[in-house]
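We name chains A, B, ... by the order of the sequence lines, and we start the count at 1 in each one.
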2 protein chains.
Amino acid sequence: MKSKRVTLADVAAAAGVSRTTASLVLSDRGDELRISEAAQQRVRRVAAELAYRPNILSSALRRGSSRTIGFVSDTVATSQLAGDLIKGALEHAHRNGYMLFIGETEGAADEERRLVQGMIDRQVDGLIIASMFTRVRAVPAGVDPRSVVLLNALPEDSAMGTVPSIVPDEYSAGRAAVDVLRAAGHSRIHLVGAGPDRGDVPVQTVAGSERLRGILDALAEDGLEPASARLCSVWLPEDGWSATRSLLETGVRGEAIITFNDRLAFGAYQAIHEAGLSIPGDFSIVSFDDHQLASWLRPRLTTFALPHYELGALALQVLLEGDASDAESIRRVPMPLRLRESVAAPGRGTTEAASSSRQTAASP
Amino acid sequence: MKSKRVTLADVAAAAGVSRTTASLVLSDRGDELRISEAAQQRVRRVAAELAYRPNILSSALRRGSSRTIGFVSDTVATSQLAGDLIKGALEHAHRNGYMLFIGETEGAADEERRLVQGMIDRQVDGLIIASMFTRVRAVPAGVDPRSVVLLNALPEDSAMGTVPSIVPDEYSAGRAAVDVLRAAGHSRIHLVGAGPDRGDVPVQTVAGSERLRGILDALAEDGLEPASARLCSVWLPEDGWSATRSLLETGVRGEAIITFNDRLAFGAYQAIHEAGLSIPGDFSIVSFDDHQLASWLRPRLTTFALPHYELGALALQVLLEGDASDAESIRRVPMPLRLRESVAAPGRGTTEAASSSRQTAASP
DNA sequence: CTGTTAGCGCCTTCAA
DNA sequence: TTGAAGGCGCTAACAG
């Protein structure tokens, strides 16, 4: 980068001491090893004057630690939902003097191998293996399990307990979604995206099955079942739209819907609005993710937020603290409720929340 | 990371040659320096068997290049719009054997200084200084201008010409937005977000003033002016909603709107729909950004895409190729048109595009 | 054709 | 209290 770099030897020479002395002073061990106050002052002053900066590469070579962490994800950096995953990890890293390498694999195993290898070649102190959506995945081969953490991913059975794992607490959020609607007085709750049985979820989505499990458990405790459920193999607005249309055709009104994510909810809003119905007057809706969209919709969408920032920060913290080998190696981070205007008491008609002046499905 | 690392010395010993020989063979200079075929084979075989990987830190120390680039942005990693900026840079880097450090400053100057410094301490070969939205900004102090590129940012006058800069071609997109509407037969074009005069843009947005300049120039060439214009100091859905409502109150119908970004367009859709009007029957809309949302709206939104991926990739390419010191140091990347269903010929009533079965503003 | 020697910049014994 | 020497892993000069 820069042609001429100031080295420790330069500082030592300019201060008239040996490299050792300069090194000790600058790593704050001068007092400990009783180096004369005068010499210390001189070294510090000269270092400041020359704007000396230790070369981390050489110190890494000598001491083993590069103060660098690798962050490898399938496609997390690019997804908006998960940008905060990186952000949490980055900020925590920088606060502690660490730098982060970022890599995206697009799900390709050989690309993952190359990225992980490239990071190890650069002597990273640890690796975060992240996934955009929560899923079960293998730990890359050939890495020291003591310095890896899975982020938004669960280890395969074989690696269970050997590698720490950070995931959102989807199960509790599922339960809480039911609680919100029950508290508003609803007992007829329709599901859009998954259900009615535990196995009725899109393939490979941990979030789906955990949310569903939480919902069914919470309902069961009140002796209830979903009023209806529609499985969508993909969770995009379009899918939410069709599922909700199909629900509307059954003629139900004044009940509640849990959509399995906010994009499905967006589609549900559109379908309900097209049918000339209103939210939350005709349907209360609760969702998951807290996509940016959720607060753009009108009425604003009640949803459980994926705690991306916290997940990312925690991953780094676990990695740095290194107390990885706890028995409790899976950490579930709470998904906070964003209580907004899409929920009201059951029954057709205008409710307090529904009486706002801006009523159409998608008005701001 | 790993406790025991295979070193070049290990390979040399196992192959029964000196470290130099091993080094030469493994860096493919064996033939050049005429090392015996037998020795080369042995070295390669042993290296493969031991899974030898050169330690890039030590080679960086010796040779100067760490095959690592620093990417510092204000808040780009977290924003969805700009995730592809990083992606473009990452992929181009990885394809060329480079690794990327990522840093986010949140716009804080001292944080930026620390991050840049942290990267230089790790001997990065170059720096990409990125901005989430296009703006004019200073080059960080103390970095070699030959190894820096500004991404989605323009250098201050003082640094103009010394540092390459990669930005979207907003001006041409502004012109092209007018062209799209003119080609559809529109001559009455309303602006939502900026205008009517060149100076009427939110502060500090290069995108705003360039888009506006392009629009006004293109109109002027046909002897036209905007039919109306509404400046919004912020470009969120809410702002587009109010501006569009105010436009609707003037009673115009069957004309065209250019919104200055897709979130404004989202608000415009909502307002038009609330008024019981349709797109593109009552209003044709053209926008900028190609936000994810644009293809979720119904009818899908015609918009000019920010070429984030290309911007990021080009930044890296310019950095690696090092032909930075061209006279032409600002590179403008075209913003491709995403022609969708939100544009039709002027005049109230159902048009071919408007006759689709799904007509409400926000239906999927 | 191959090995020896000498650093890159830092840290860490070990002597003085 | 300070300095000399050696080595982390790699590469480049220079011999042989």
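- The distance between atom CZ of A:R122 and atom P of D:dG9, rounded to the nearest whole Å, is 18 Å.
- In this structure, the CG atom of B:L24 is 10 Å from the P atom of C:dT2, given to the nearest Å.
- Residue contacts for A:L8: at a heavy-atom cut-off of 4.0 Å it reaches the sugar-phosphate backbone alone, with no base atom in range.
- Taking atom CZ of residue A:R63 and atom C1' of nucleotide D:dC8, one finds them 13 Å apart after rounding to whole Å.
- The CD1 atom of A:I56 sits 15 Å away from the P atom of C:dG9 (whole-angstrom rounding).
- Between the base of C:dG7 and the side chain of B:R62 there is a donor-acceptor pair shorter than 3.5 Å.
- In the helix from C:dC1-D:dG16 to C:dA16-D:dT1, the terminal helix axes, each the rotation mapping four pairs' C1' atoms onto the next four within five end pairs, subtend 50°, rounded to 10°.
- Ion pair A:R44/A:D28 flagged as a salt bridge, since at least one NZ, NE, NH1 or NH2 atom sits closer than 4.0 Å to an Asp/Glu carboxylate oxygen.
- If you look at A:F71 and A:F101, their ring centroids are not closer than 6.0 Å.
- Ionic pairing of B:R135 and B:D74 is present here: one or more N-O contacts between side-chain nitrogen and carboxylate oxygen are shorter than 4.0 angstrom.
- Regarding A:L26, its CG atom lies at a distance of 16 Å from the P atom of C:dG9, rounded to whole Å.
- Atom CG in B:N55 sits about 18 Å away from atom P in D:dG7, given to the nearest Å.
- At a threshold of 4.0 angstrom between heavy atoms, the contacts of B:T7 are confined to the sugar-phosphate backbone, with no base atom among them.
- Of the candidates B:L151, B:I129, B:V148, B:V72 forms a side chain to side chain contact (heavy atoms under 4.5 Å, CB included) with just one, namely B:I129.
- Between A:G126 and A:L319, the closest heavy-atom pair is C-CD2, 4.0 Å.
- Nucleotides of DNA chain C nearest to B:A39 and A:A9 differ in position, and the one nearer the 5' end is that of B:A39.
- In this structure, B:T21 reaches the C:dG3 phosphate: one of its side-chain N or O atoms is under 4.0 Å from OP1 or OP2.
- A donor N or O paired with an acceptor N or O is not found under 3.5 Å between the base of D:dT11 and the side-chain atoms of B:T20.
- Rounding to whole angstrom units, CZ of residue A:R53 and P of C:dC10 are separated by 11 Å.
- Using a 4.5 Å cut-off on side-chain heavy atoms (C-beta onward), A:R331 and A:V167 make no contact.
- Side-chain atoms of A:S66 come within 3.5 Å of backbone atoms of A:Q123 as a donor-acceptor pair (strictly under, hydrogens ignored).
- Counting only heavy atoms from C-beta on, B:S36 has its side chain closest to C:dC1 among C:dC1, D:dG9, D:dC10.
- The nearest whole Å value for the distance from the CZ atom in A:R42 to the C1' atom in D:dT2 is 11 Å.
- Residues from residues 43-52 of chain B that place a heavy atom under 4.0 Å from any atom of DNA chain D, listed by number: B:Y52.
- Listed pair B:S18 / C:dT4 fails the phosphate criterion, with no side-chain N or O lying under 4.0 Å from OP1 or OP2.
- Taking 3.5 Å as the limit, the base of D:dG6 and the side chain of A:R19 contain a donor-acceptor pair of atoms between them.
- Using a 4.0 Å cut-off between charged nitrogen and carboxylate oxygen, B:K87 and A:E106 count as a salt-bridge pair.
- Contact annotation: B:S23 reaches the phosphate of D:dT11 (side-chain N/O to OP1 or OP2, under 4.0 Å).
- Between A:R29 and C:dT12 there is a side-chain N or O to OP1 or OP2 distance below 4.0 Å.
- Look at A:E112 and A:R137 and you find a salt bridge, because one of the NZ, NE, NH1 or NH2 atoms lies within 4.0 Å of a carboxylate O, short of that distance.
- A distance-only check finds a donor-acceptor pair linking the side chain of B:R122 to the backbone of A:R67 [under 3.5 Å].
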